[in-house]
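These notes concern the structure reproduced below.
Only heavy atoms go into these numbers, but all of them, side chains included; no hydrogens, no water, no symmetry mates. The chains referred to below are lettered A, B, ... by the order of the sequence lines, with proteins before strands, and numbering in each begins at 1. Here the structure is a predicted model, which is why all the values come from computation and not from measurement.
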2 protein chains.
Amino acid sequence: MSWSRDGGKGPRGYHHGNLREALVRAALALIAEKGPAGFTFAEAARSAGVSPAAPYRHFRDRDELLADVARRGFVLFEEALKAAWNDGKPEPFVAFERVGKAYLAFAREQHAYYSAMFEAGVPLDADPELQQAGDRAFAVLRQGAETLIARLPAGQRPPALMVALHVWSLSHGIASLFGRGDAARRKLPMSAEELLEAGVLVYLQGLGLRGDATK
Amino acid sequence: MSWSRDGGKGPRGYHHGNLREALVRAALALIAEKGPAGFTFAEAARSAGVSPAAPYRHFRDRDELLADVARRGFVLFEEALKAAWNDGKPEPFVAFERVGKAYLAFAREQHAYYSAMFEAGVPLDADPELQQAGDRAFAVLRQGAETLIARLPAGQRPPALMVALHVWSLSHGIASLFGRGDAARRKLPMSAEELLEAGVLVYLQGLGLRGDATK
DNA sequence: CAGCTCATGTGAACGGCTCTTACATGAGTT
DNA sequence: AACTCATGTAAGAGCCGTTCACATGAGCTG
């Protein structure tokens with residue numbers, strides 16, 4: 001990672017040089033520390049070493065910074081899901097389970113991003129790019145669903161969109177309710193990953209799909 | 001509904017008479033209007049006609065009011081789910097689907113409560129009563145799951161807790177992602193209700209359960 | 001009914017936050 | 001070398017949460 005003149009501690013001149021990026025990183029750190037509600041524009045400015053008014057040169061307001069963090073989050077999210085799916089190789093069923101795990105892993109390991117994306121109340125339609133980034137992430141899931149149901153006999157294929165929505169909702173629900181290991185809202189007799197895997201397994205079985213490569 | 005001396009517009013004396021309740025109602029209205037983040041203690045006080053310091057006689061701070069709203073929400077939620085379940089009558093399968101619909105209906109129709117319960121970042125362990133109210137609501141779902149899997153042959157019964165968690169997560173995920181009809185985060189080709197019903201159907205089928213009363 | 005007490009209200013104030021406006025700086029261009 | 005304009009600062013208005021000293025009056029006690 002590298003940016004023009006911000007990583008070091010050397011005194012900066014009147015101009016920061018990379019304030020926009022610095023603010024985003026500060027926002028992530030603050031969200032990770034105190035949640036999306038605890039994050040303040042002023043503190044991000046402080047932690048970047050500029051006056052409280054400076055951020056307004058780069059973001060219309062606090063919400064726009066939050067929306068930008070969410071947008072970046074969706075881009076990373078898409079990458080993570082795509083990497084997990086890996087074009088359905090070596091085997092779609094296995095790959096699909098991997099996507100589920102990646103969903104939960106992202107929610108846990110990139111919790112600041114996840115927070116901005118889903119818990120900060122950022123309206124999805126605030127920014128077309130945000131909207132599109134979200135759509136692209138979902139598209140990965142949809143692609144997976146499509147590949148999976150292709151195994152079913154033509155007569156009994158459910159709509160891929162519906163299957164993707166079900167899996168997404170289940171993953172999202174589990175991540176929201178039991179996502180963080182420690183700060184979880186409720187204690188569980190099993191890990192979130194196991195819960196999701198079992199749920200998807202049962203669901204796919206309900207569709208008539210089996211995990212083994214018999215079909 | 002009735003309270004001692006607050007509903008009317010008659011001038012009140014130095015003391016409000018029912019400030020605590022008035023604040024809760026004001027909070028609900030504000031959350032419904034501007035989301036849990038937009039709700040302010042000061043405005044709730046204003047709308048109850050008292051000074052900004054008055055609420056502190058009834059709640060330690062803003063978060064405690066929010067937590068109280070969430071607690072009341074869980075109580076209502078439990079009632080709604082219980083009514084929908086109706087002891088599994090006339091038929092557990094039908095009743096269980098009714099519970100799912102009730103979940104979504106609550107998220108939509110009581111969105112201010114739902115917001116406080118799940119989207120406001122209120123820590124569940126903030127208050128033991130809040131915790132317990134949440135547990136009681138979940139217990140309804142669990143009871144439903146228990147009754148349903150009792151239909152299965154003894155050898156292939158999954159843990160009721162797991163089934164309940166799956167259904168809860170799916171419901172919660174759908175409600176979070178597509179809950180509000182209008183202000184939904186994403187457009188759908190079907191209603192949230194249909195999506196949930198189909199999902200639960202597929203899931204139960206995966207468990208080996210059929211909707212008709214054959215078993 | 002007189003007097004007391006204490007829960008519940010008020011007013012004023014502190015510090016912090018968002019956001020705006022007028023002004024300062026200096027990097028890049030001509 | 002001069003100019004321009006993106007990017008910074010300072011100051012301040014208005015809001016919020018929260019606290020503290022003080023006011024009020026509802027309900028008990030005698």
**Message:** For A/Phe118 together with A/Phe74, are the ring centres under 6.0 Å from each other?
**Reply:** yes

**Request:** Report which part of the nucleic acid B/Pro52 touches: base, sugar-phosphate, or nothing (heavy-atom distance under 4.0 Å, all strands).
**Result:** base

**Request:** May I ask you to list the residues of residues 53-68 of chain B, by number, that have any heavy atom positioned under 4.0 Å from an atom of DNA chain C?
**Result:** B/Ala53, B/Ala54, B/Arg57, B/His58

**Fill in**
Here the distance between atom C1' of C/dC19 and atom CZ of A/Phe41, to the nearest Å, is 9 Å

**Asked** Given A/Glu43 and A/Lys34, is the salt bridge (charged side-chain N to carboxylate O under 4.0 Å, His left out) satisfied, shown in steps?
**Response** CA-CA 12 Å; A/Glu43 192 164 356; A/Lys34 310 194 256 184; 2.8 Å; yes

**Message:** Show, in sequence, the C-alpha distance, side-chain angles and deciding distance for A/Tyr203 and B/Tyr203, and conclude whether the ring pair (Phe, Tyr, Trp, His ring centres under 6.0 Å) test is met.
**Reply:** CA-CA 4 Å; A/Tyr203 177 84; B/Tyr203 177 83; 8.1 Å; no

**Request:** Name the orientation class of the two ring planes belonging to B/Tyr56 and B/Phe41 (parallel below 30°, tilted from 30 to 60°, perpendicular beyond 60°).
**Result:** perpendicular

**Message:** Output the rounded distance in Å from NZ (A/Lys34) to C1' (C/dC17).
**Reply:** 12 Å

**Message:** In whole Å, I'd like the distance from the CG atom of B/Asn18 to the P atom of D/dA26.
**Reply:** 15 Å

**Item:** Atom pair distance, as rounded to whole Å: CG in B/Leu30 and P in D/dC16
**Value:** 10 Å

**Message:** How many whole angstroms separate atom CG of A/Leu23 from atom C1' of D/dG8?
**Reply:** 12 Å

**Item:** Sugar-phosphate only, base, or nothing, as touched by A/Thr40 at under 4.0 Å among non-hydrogen atoms
**Value:** sugar-phosphate

**Request:** Counting heavy atoms from C-beta on, name the nucleotide in C/dG9, D/dC16, C/dC17 closest to the side chain of B/Arg46.
**Result:** D/dC16

**Prompt:** Which residue pairs satisfy the ring pair (Phe, Tyr, Trp, His ring centres under 6.0 Å) criterion with at least one member in residues 21-40 of chain B, sequence neighbours excluded?
**Reply:** none

**Results of ring pair (Phe, Tyr, Trp, His ring centres under 6.0 Å) for A/Tyr113 - residues two or more places apart only** = none

